[in-house]
Asker: 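Supplied in structure tokens, the structure appears directly below.
Chain letters run A, B, ... following the sequence lines, proteins first and then strands; every chain starts at 1.
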2 protein chains.
Amino acid sequence: MTSTTSPASTPSTLGFAILAVLARGNRTGYDLAAAMRRPVGYFWTARHSQIHAELQKLRAAELVAYESEHGPGPQDKKVYHLTPEGRRALREWVTEPPRERPERDELVLKAYASWLAEPGMVRRMFAEQLAAHEERLAEYERHEASFGGPPALGDPRFGNYATLLCGLGYERHRIEWCRWMLSRLGEDA
Amino acid sequence: MTSTTSPASTPSTLGFAILAVLARGNRTGYDLAAAMRRPVGYFWTARHSQIHAELQKLRAAELVAYESEHGPGPQDKKVYHLTPEGRRALREWVTEPPRERPERDELVLKAYASWLAEPGMVRRMFAEQLAAHEERLAEYERHEASFGGPPALGDPRFGNYATLLCGLGYERHRIEWCRWMLSRLGEDA
DNA sequence: TACGTCATGTAACTTGTTACATGATTAG
DNA sequence: CTAATCATGTAACAAGTTACATGACGTA
């Protein structure tokens, strides 16, 4: 009786992203896809096709389970929840050092090659980027104002606040760098 | 005589990364792989397997060409250079707005889920990350000191300096954020 | 003798994107 | 009547990683 117990290799980072959303409340695949756009989507995104596939893997590993409710559409709707093992796996994963992924930043790559283009054209492109970052910063600042300071550690909202603060810092850094590029690209007179 | 002229769709971002390195001088695939580790690798990386494959596509699109020199090893060594079309394609690409890629940041995801882990353990992990960022910042600062201020616009070294400055700003932002996390995670007494 | 560097490539796999496919309910 | 939202999935593809495979030359 060589029972084929699943090898259950550790989930991908996407798997943990899903677990992290599910830790805040039960969701359907559809809800998860929506959550992975905003605000979680600011640091991890996925399309619904990828999410449904990953949910099947997580279920095979018994980290999530679902309850069916009928409708709407041809298939049943599946409301997923964390299993106790799922919660434990997530807890453990949080404190493990993140695996480094190589930076891949197209704007920086363009800056690297900017010496051979027309400064005026490069400038226009960076001005657009600056505007986009300023807009996003304003959005984050509005969001931050809606928090009355940082929530307590054990509160799920602490997670939201921490990520928001990171986004805020990132946009400020980007804005500063874009402005530096613009100042170098002339026409600051 | 339906001559199958290649469709020559625009290269991937990796393709342009290769063109950007090649614009600074002729290289073999091996040299490119080395360059894509450091310092270009700070904002775009690729393994040699991917680079060789991409070079073949770029050659099919006639954006690069090579000259063979014999040895070492079983195959000839191929020294690649930009074609005039390759240089033009790169120039045009530089000033086009970068296509947004979704942020995927594992450390921020961990922060998002940090509310359900033990603060002490989370703290240890963030302290490690802080140290890593401080080390990298120091490295960048040494590198910056070796420039005597920003090079002129038309100088290839302008590209290096611009990317370095972005890296500097990024590391400072990360350090600040890690310190904020640590301050929240207690034990600041 | 063994290891590191130079140099090329292929194959299998994982991750992520885009497009296809279905269908009920509700708001305009 | 039409479009958006809710809800599930598959298939084809592009991008990226890891491992395999070869082999000369120089150094320890």
Asker: Can you tell me the distance, in whole Å, between the OH atom of Tyr80(B) and the C1' atom of dG9(C)?
Answerer: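 The distance from OH of Tyr80(B) to C1' of dG9(C) comes to 10 Å, rounded to the nearest Å.
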Asker: Measure from the side chain of Tyr30(B), starting at C-beta and using heavy atoms only, and say which of dT8(C), dT8(D), dT10(C) lies closest.
Answerer: dT8(C)
Asker: Using whole Å, report how far CG of Asp31(A) lies from C1' of dT8(D).
Answerer: 13 Å
Asker: Tell me the interatomic distance from His70(A), atom NE2, to dG23(C), atom P, rounded to whole angstroms.
Answerer: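 Whole-Å distance recorded here is 17 Å.
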Asker: Whole Å only: how far is the OH atom of Tyr66(A) from the P atom of dA7(D)?
Answerer: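 My rounded result for the distance is 16 Å.
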Asker: Is it true that Arg172(A) and Glu141(A) make a salt bridge, defined as a side-chain N closer than 4.0 Å to a carboxylate O?
Answerer: yes
Asker: Whole angstroms only, please: what is the CG-P distance between Asp76(A) and dG9(D)?
Answerer: 10 Å
Asker: How many whole angstroms separate atom CD of Glu69(A) from atom C1' of dT25(C)?
Answerer: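 Atom-to-atom, Glu69(A) to dT25(C), this comes out as 16 Å.
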Asker: Asn26(A) has an atom CG; how far is it from atom P of dA7(D), in whole Å?
Answerer: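 Whole-Å distance recorded here is 14 Å.
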Asker: When you check every protein heavy atom under 4.0 Å of nucleotides 15-21 of chain C, what one-letter string (B, S, -) results, 5' to 3'?
Answerer: SBBBB--
Asker: Ion pair present between Glu128(B) and Arg124(B), side-chain N to carboxylate O less than 4.0 angstrom?
Answerer: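 Salt bridge between Glu128(B) and Arg124(B), a charged N being under 4.0 Å from a carboxylate O: yes.
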Asker: Output the rounded distance in Å from CE (Met36(B)) to C1' (dA15(D)).
Answerer: 13 Å
Asker: When you compare the side chains of Glu144(B) and Tyr161(B), does any donor N or O come within less than 3.5 Å of an acceptor on the partner?
Answerer: yes
Asker: Under a 4.0 Å threshold between the charged nitrogen and the carboxylate oxygen, would Arg179(A) count as salt-bridged to Glu134(A)?
Answerer: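 Looking at Arg179(A) together with Glu134(A), the answer is yes, because their closest N to O distance falls below 4.0 Å.
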Asker: Between the side chains of Glu62(B) and Thr83(B), does any donor sit under 3.5 Å from an acceptor?
Answerer: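 Short answer, no.
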Asker: Does the ring of Tyr112(A) carry Arg24(B) above it, NZ/CZ under 6.0 angstrom from centre and within 45° of its axis?
Answerer: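 Relative to the ring axis of Tyr112(A), which defines the angle, Arg24(B) lies inside both limits.
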Asker: Using a cut-off of strictly less than 4.0 Å, decide whether Lys77(B) has a side-chain nitrogen or oxygen near OP1 or OP2 of dA24(D).
Answerer: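 So the side chain of Lys77(B) is outside the cut-off, no N or O lying under 4.0 Å from OP1 or OP2 of dA24(D).
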Asker: List the atom pairs, with distances to 0.1 Å, where a side-chain N or O of residues 96-104 of chain A and a protein N or O form a donor-acceptor pair under 3.5 Å, not counting sequence neighbours.
Answerer:
residue   : atom : partner  : partner atom : Å
Arg104(A) : NE   : Thr45(B) : O            : 3.3
Arg104(A) : NH2  : Thr45(B) : O            : 2.9

Asker: Which nucleotide, dG9(D), dG9(C), dA7(C), lies nearest any side-chain atom of Gln75(A)?
Answerer: dG9(D)
